[in-house]
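To start, the structure itself, in structure tokens.
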Amino acid sequence: MRTWPISLALIVLLGFSLNTGCDDDGSDNAGDLIGTWLRVKTYQVVNNIRKDTWTLTFNKDGTFNLLYQHTDNEESTPLATVASRQGLYSIDSNDIITIEGDWLDMTSEVTALADLDGNFFTFTQETMLLYDEARDLLFFGPDFHSGSTYTQDAQGNSRDGYSLLKNMGNNVYRREAHLILSEGTDATANEVERRDEVYEYQITGADTCEGTYSYTISLNLTTNTSEGAMQGCTYNHTPNIMVDAPGGGQTPVQAVTFSYTMDGSTTSDNFISLGDHYLSYYQGEQATAIVEAAFVRIE
């Protein structure tokens with residue numbers, strides 16, 4: 001990891017206490033995960049109320065189960081899409097969680113083994129893991145925003161795409177995720193998606209930053225790979241923004257937007273604070289970012 005000098009901007013960026021904070025030392029462990037967690041995202045598309053629900057269970061024996069349900073229209077007879085994942089999980093000393101196993105995407109009716117072709121996947125995924133102070137809210141990547149099977153699909157299903165930006169110390173903030181997704185029911189499964197993504201931002205002044213990026217993305221038989229330094233990196237920090245809190249009411253957060261040029265394209269990454277760490281959100285969804293991204297412990 002590249003090391004940059006400490007700057008006074010860290011005090012500016014992190015000098016506020018938050019009601020929805022994660023542990024400052026980032027000390028999470030697998031025992032905190034055990035139980036069942038629920039995430040719900042509701043949003044309106046034209047006159048339709050769409051709802052996505054994720055029910056995630058981590059078991060003591062190192063296995064997990066995840067059920068995803070999408071309801072296309074809450075106001076009338078719903079069209080439901082269901083997907084499920086199951087397998088094994090582990091957490092390393094840097095609070096990176098690895099999950100691997102099987103993924104069944106029930107986008108069409110499956111009545112026989114042959115119907116699994118195109119709907120059954122095996123996968124390995126690594127992503128960041130954060131909690132709130134009370135360990136009752138879980139933020140669990142996958143840190144993919146565009147193009148991935150995990151993010152919004154052509155039917156408008158929100159899936160579970162958002163990024164976690166972790167405070168690495170010394171003014172360095174990092175987000176990363178890794179995925180191998182293969183299609184098939186045997187050892188000759190075809191790889192349909194592979195991602196290795198690492199982005200780092202370094203605060204260097206009151207509104208300036210440096211950044212590096214590295215990615216290899218294979219999707220739809222096309223592989224794109226690149227690495228280098230972000231050009232013209234700046235950031236804008238806004239304290240004391242009120243956003244919706246799980247369970248009702250609102251909570252104050254900080255917001256930060258990093259803007260830069262990468263591979264010839266200018267982009268902006270928007271985050272709100274989770275203690276010392278940050279959660280990304282899609283444009284226009286700042287107020288609901290926490291309540292719609294958080295898994296709430298229910299068992």
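In what follows, every heavy atom counts, from backbone to side chain, and hydrogens, waters and symmetry copies are set aside.
Hydrophobic cluster membership differs between F121 and I180, with clusters built from Ile, Leu, Val, Met, Phe, Trp and Tyr side chains linked at under 4.5 angstrom. Taking hydrophobic clusters as Ile, Leu, Val, Met, Phe, Trp and Tyr residues chained together by side-chain heavy-atom distances below 4.5 Å, L274 does not share a cluster with V291. Linking ILVMFWY residues whenever their side-chain heavy atoms come closer than 4.5 Å, directly or via other members, leaves L66 and L88 in distinct clusters. At a threshold of 4.5 Å between side-chain heavy atoms, the hydrophobic network of Ile, Leu, Val, Met, Phe, Trp and Tyr places L179 and V192 in one connected group.
When atom types are taken as modelled, the side chain of N170 and the backbone of V172 share no donor-acceptor pair closer than 3.5 angstrom. Side-chain atoms of D61 come within 3.5 Å of backbone N or O of T63 as a donor-acceptor pair. Proximity of a side-chain donor or acceptor of Y89 to a complementary backbone N or O of N59 within less than 3.5 Å is detected. Of the possible donor and acceptor atoms, one in the side chain of S280 sits under 3.5 Å from a partner among the backbone N and O of S163. The backbone N or O of T216 lies less than 3.5 Å from no partner atom in the side chain of R194, so there is not a single donor-acceptor pair. For D132 (side chain) and L137 (main-chain N/O), a donor-acceptor pair under 3.5 Å exists by modelled atom type. Using a distance-only test at 3.5 Å, with no hydrogens or angles considered, a donor-acceptor pair links the side chain of N167 to the main chain of G169. Not one N or O on the side chain of Q86 forms a donor-acceptor pair closer than 3.5 Å with the backbone of S84. Put simply, the side chain of S273 gets close to the backbone of Q254: a donor and an acceptor are under 3.5 Å apart.
Distance CG/N94 to CD/E126: 11.0 Å, rounded to 0.5 Å. For the atom pair D92 CG and L129 CG, the distance stands at 10.0 Å (nearest 0.5 Å). To the nearest 0.5 angstrom, D95 atom CG is 11.0 Å from L164 atom CG. Separating the CD1 atom in I298 from the CG atom in D136 is a distance of 12.5 Å, to the nearest 0.5 Å. In this structure, E193 CD and S218 OG are separated by 9.0 Å, a value rounded to the nearest 0.5 Å. Annotation: the span from T122 atom OG1 to E183 atom CD amounts to 10.0 Å, rounded to 0.5 Å.
Annotation for Y213 and S226: closest pair CE1-OG, 3.5 Å, computed over non-hydrogen atoms. Closest approach of A177 to T127, counting heavy atoms only: CB-OG1, 4.4 Å. Closest approach of Y235 and V256 over heavy atoms only: CD1-CG2, 3.8 Å. P246 approaches I290 most closely through the heavy-atom pair CD-CG2, 3.9 Å. For Q250 against D244, the heavy-atom pair with the smallest separation is NE2-OD1, 3.5 Å. Taking both residues in full, the closest heavy atoms of A255 and Q286 are given as CB-NE2, 3.9 Å, listed atom of the first, atom of the second, then distance.
No side-chain heavy atom of L38 sits less than 4.5 Å from a side-chain heavy atom of F295. Annotation: side chain of N65 is not in contact with side chain of T55 (no heavy-atom distance under 4.5 Å). Counting heavy atoms from C-beta outward, D52 and V40 have side chains that stay 4.5 Å or more apart. At least one side-chain heavy atom of I97 sits less than 4.5 Å from a side-chain heavy atom of L33. For the pair L165 and L279, the minimum side-chain heavy-atom distance is 4.5 Å or more. R39 places none of its side-chain heavy atoms less than 4.5 Å from the side chain of F140. Using a 4.5 Å heavy-atom cutoff, the side chains of T261 and M230 are not in contact. Side chains of D102 and F120 form a contact here, defined as non-hydrogen atoms less than 4.5 Å apart.
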Q: Could you give me the CA-CA distance, side-chain angles and deciding distance for V243 and T251, then say whether side-chain contact (heavy atoms from CB on, under 4.5 Å) is met?
A: CA-CA 6 Å; V243 301; T251 187; 3.9 Å; yes
Q) Which is it for D263 and Y215 under the side-chain hydrogen bond (donor to acceptor under 3.5 Å, both in side chains) test, yes or no, and what are the steps along the way? A) CA-CA 11 Å; D263 292 337; Y215 66 82; 2.4 Å; yes
Q | Stepwise side-chain contact (heavy atoms from CB on, under 4.5 Å) test for T212 and Y199 | A | CA-CA 6 Å; T212 59; Y199 303 85; over 6 Å; no
Q: Give the C-alpha distance, both sets of side-chain angles, the deciding distance and a yes or no for side-chain hydrogen bond (donor to acceptor under 3.5 Å, both in side chains) between Y201 and R175.
A: CA-CA 9 Å; Y201 313 85; R175 62 183 176 95; 3.3 Å; yes
Q: Show the numbers, then the answer: is there a side-chain contact (heavy atoms from CB on, under 4.5 Å) between L130 and L138?
A: CA-CA 6 Å; L130 298 175; L138 171 67; over 6 Å; no
Q) Are Y260 and T267 close enough, and set up right, to give a side-chain contact (heavy atoms from CB on, under 4.5 Å), and what steps lead you there? A) CA-CA 6 Å; Y260 54 90; T267 187; 3.3 Å; yes
Q: Using the salt bridge (charged side-chain N to carboxylate O under 4.0 Å, His left out) rule, take R85 and E100 through it: C-alpha gap first, then chi angles, then the decisive distance, then the call.
A: CA-CA 9 Å; R85 301 172 210 166; E100 57 184 335; over 6 Å; no
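D196 and H178 are linked by a side-chain donor-acceptor pair at a separation below 3.5 angstrom, with hydrogens and angles left out of the test. There is a side-chain donor-acceptor pair under 3.5 Å between T257 and N270. In summary, the side chains of T234 and T208 do not present any donor paired with an acceptor at a separation below 3.5 Å, with no hydrogens or angles considered.
In this pair, F258 and F271 present their aromatic rings perpendicular. The plane angle is above 60°, beyond the 30 to 60° band. Relative orientation of the Y131 and W37 rings is tilted, given thresholds of 30° and 60° on the angle between their planes. Relative orientation of the W54 and Y68 rings is tilted, given thresholds of 30° and 60° on the angle between their planes. Classification of the F64-F123 ring pair by plane angle, with boundaries at 30° and 60°, yields perpendicular.
The aromatic ring centres of Y162 and Y281 sit 6.0 Å or more apart.
Partner of E200 under the side-chain contact (heavy atoms from CB on, under 4.5 Å) criterion, out of R174, E210, E176: R174 alone.
By the 4.0 Å N-to-carboxylate-O rule, E299 lies too far from R297 to be salt-bridged with it.
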